[in-house]
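Below is one structure, written out as structure tokens; comments come after it.
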Amino acid sequence: MATTAIAITTMKLAQVSNPGADFQIVEREIPEPGVGQVRIKVQACGLCHSDVLTKEGLWPGIQYPRVPGHEVAGIIDELGAGVSEWKKGQRVGVGWHGGQDNTCRECRRGDFRNCRNLKIPGISYDGGYQQYMVAPVEALAAIPETLTDAEAAPLLCAGITTYNSLRHSGALPGDLVAVQGIGGLGHLGIQFASKFGYKVAAIGRGSENASLAKKLGASVFIDSQSGNPAEALQKLGGAQVILATAPNSKAMSELIDGLGPNGKLMVIGATFDPIEVTPIQLISGSRTIQGWASGTPADSEDTLRFAELTGVRPMIETYPLEKAGDAYARMMSGKAQFRVVLTM
């Protein structure tokens, strides 16, 4: 008896139905890409602490139900009309930068990272906690063949943020660069800083983190529980850059006195609490504080290629899509070692 092949038209996804709701695993029709878009068969999607913005409705204007996820690695499954520079079957990733308007003043000056109408996967449109997603071509980054999907996914947010902030920090090879926190961002920041040729001081809570910090590439480990880390940095001559990765404003504030002359506190750990600093702390030594957010897909490609070249890799824990709620809870617990990734 002859059989007829039936095309699969539905997919599974993990959605948030309204702010603060638990994740729901549901089925939905596979979306079709529009003009200037591609459909991606998602292979892996990293979980980021910023996903709390979608989960809890902390970002204004989110339309629900919404599928989070902005650390997406997959394969182009279908091309929308007008797409010619990308091919079906090509490996691509999508990070925090999910598209720009190309019309605001920042875009017209080429500063796409600071587009006033930036699109963010999982916030502006459905992200990667699903088997298929649609994204605009300006959000795509090519993934090198030697990186696995699960490795590439966290590099599209945590990776690009640490890599890009460090390479724009002004630090030169041989400079003392401190990385505050040995977590999802910090463990990558230490690796990148080491590969850039900096003298790396890793700042963590508890002496049990010392061996891991050294393994990741730190020259010095500073235990913030056993002493004053700012004083420890000054004994080393003062840091040219302190990369603040842990979302703890009090801990960041306490590090400012550890900066050397013309030193910079580079803030990438997102928190809503204020950083406390006196004008004299900044005036003395001409110190600065700068925030840094992610980067463009071109920056993502730079990050991925550098990681491929130097061996920088995220430490990950994987969960199946059906366990998205458990994966999110693990990520939020702060106990993951160190990035949590959904696999499809």
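In this structure, Asp51 and Tyr129 have side chains that are in contact, with non-hydrogen atoms separated by less than 4.5 Å. A heavy-atom distance below 4.5 Å is not found between the side chains of Val177 and Phe196. Taking 4.5 Å as the limit, every side-chain heavy atom of Lys87 sits out of range of all side-chain heavy atoms of Ile76. Put simply, the side chain of Leu233 reaches to within 4.5 Å of the side chain of Ile242, judged on heavy atoms. By the 4.5 Å heavy-atom criterion applied to side chains, Tyr64 and Val16 are counted as neighbours. Taking 4.5 Å as the limit, some side-chain heavy atom of Leu321 sits within range of a side-chain heavy atom of Gln131. A heavy-atom distance below 4.5 Å is not found between the side chains of Asp273 and Lys250. Put simply, the side chain of Lys199 reaches to within 4.5 Å of the side chain of Val220, judged on heavy atoms.
Ion pair Arg91/Asp149 flagged as a salt bridge, since at least one NZ, NE, NH1 or NH2 atom sits closer than 4.0 Å to an Asp/Glu carboxylate oxygen. Using a 4.0 Å cut-off between a side-chain N of Lys or Arg and a carboxylate O of Asp or Glu, Arg113 and Asp299 do not qualify as a salt bridge.
With respect to Arg66, the side-chain hydrogen bond (donor to acceptor under 3.5 Å, both in side chains) criterion is satisfied by exactly one of Asn18, Asp126, Thr54: Asp126.
With Glu27 contributing its side chain and Lys12 its backbone, the two residues share no donor-acceptor pair below 3.5 Å. Side-chain N or O atoms of Asn164 include one that pairs as donor or acceptor with a backbone N or O of Ser294 at under 3.5 Å. The backbone N or O of Ala141 sits nowhere less than 3.5 Å from a side-chain atom of Glu301 that would complete a donor-acceptor pair. The backbone N or O of Gly98 sits less than 3.5 Å from a side-chain atom of Tyr125, completing a donor-acceptor pair.
Counting all heavy atoms, side chain and backbone alike, Cys48 lies closest to Cys157 at SG-SG, 3.9 Å. Taking every heavy atom of both residues into account, Asp223 and Gly206 meet most closely at OD1-N, 2.8 Å. Heavy atoms only, all atoms of each residue included: Lys214 and Phe221 are closest at CE-N, 3.9 Å. In plain terms, the two heavy atoms of Ile182 and Ala202 that are nearest each other are CD1-CB, 4.3 Å. Nearest heavy atom pair, residue Trp86 against residue Ala142, reads CH2-N, 4.0 Å. Nearest heavy-atom pair across Lys119 and Ser124 is CA-OG, 3.4 Å.
Leu212 and Ile316 are not part of a single hydrophobic cluster, where members link through side-chain heavy atoms under 4.5 Å apart.
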Could you give me the CA-CA distance, side-chain angles and deciding distance for Cys45 and Met344, then say whether side-chain contact (heavy atoms from CB on, under 4.5 Å) is met? CA-CA 8 Å; Cys45 183; Met344 309 301 159; 4.2 Å; yes

Between Ile143 and Leu304, does a side-chain contact (heavy atoms from CB on, under 4.5 Å) hold up when you go through it step by step? CA-CA 7 Å; Ile143 297 178; Leu304 293 168; 4.2 Å; yes

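Environment of CZ in Arg205: sparse, with no more than 12 heavy atoms of neighbouring residues, nucleotides or ligands closer than 6.0 Å. Around CD of Glu29, the count of heavy atoms belonging to other residues, nucleotides or ligands within 6.0 Å does not exceed 12. More than 12 heavy atoms of other residues, nucleotides or ligands lie within 6.0 Å of CD in Glu85, so this atom counts as buried by the packing criterion. The neighbour count for Glu276 CD, taken as heavy atoms of other residues, nucleotides or ligands under 6.0 Å away, does not exceed 12.
Listed by chain and residue number, Trp96 satisfy the ring-ring contact (aromatic ring centres under 6.0 Å, His included) test with His70 (two or more places apart in sequence, or in another chain).
Using modelled atom types and a 3.5 Å distance limit, the side chains of Gln130 and Arg28 yield no donor-acceptor pair.
Phe23 carries Lys55 over the face of its six-membered ring, with the cationic atom under 6.0 Å from the centre and within 45° of the normal.
Under the 30°/60° scheme for interplanar angles, the aromatic rings of Phe192 and Phe306 are found to be tilted.
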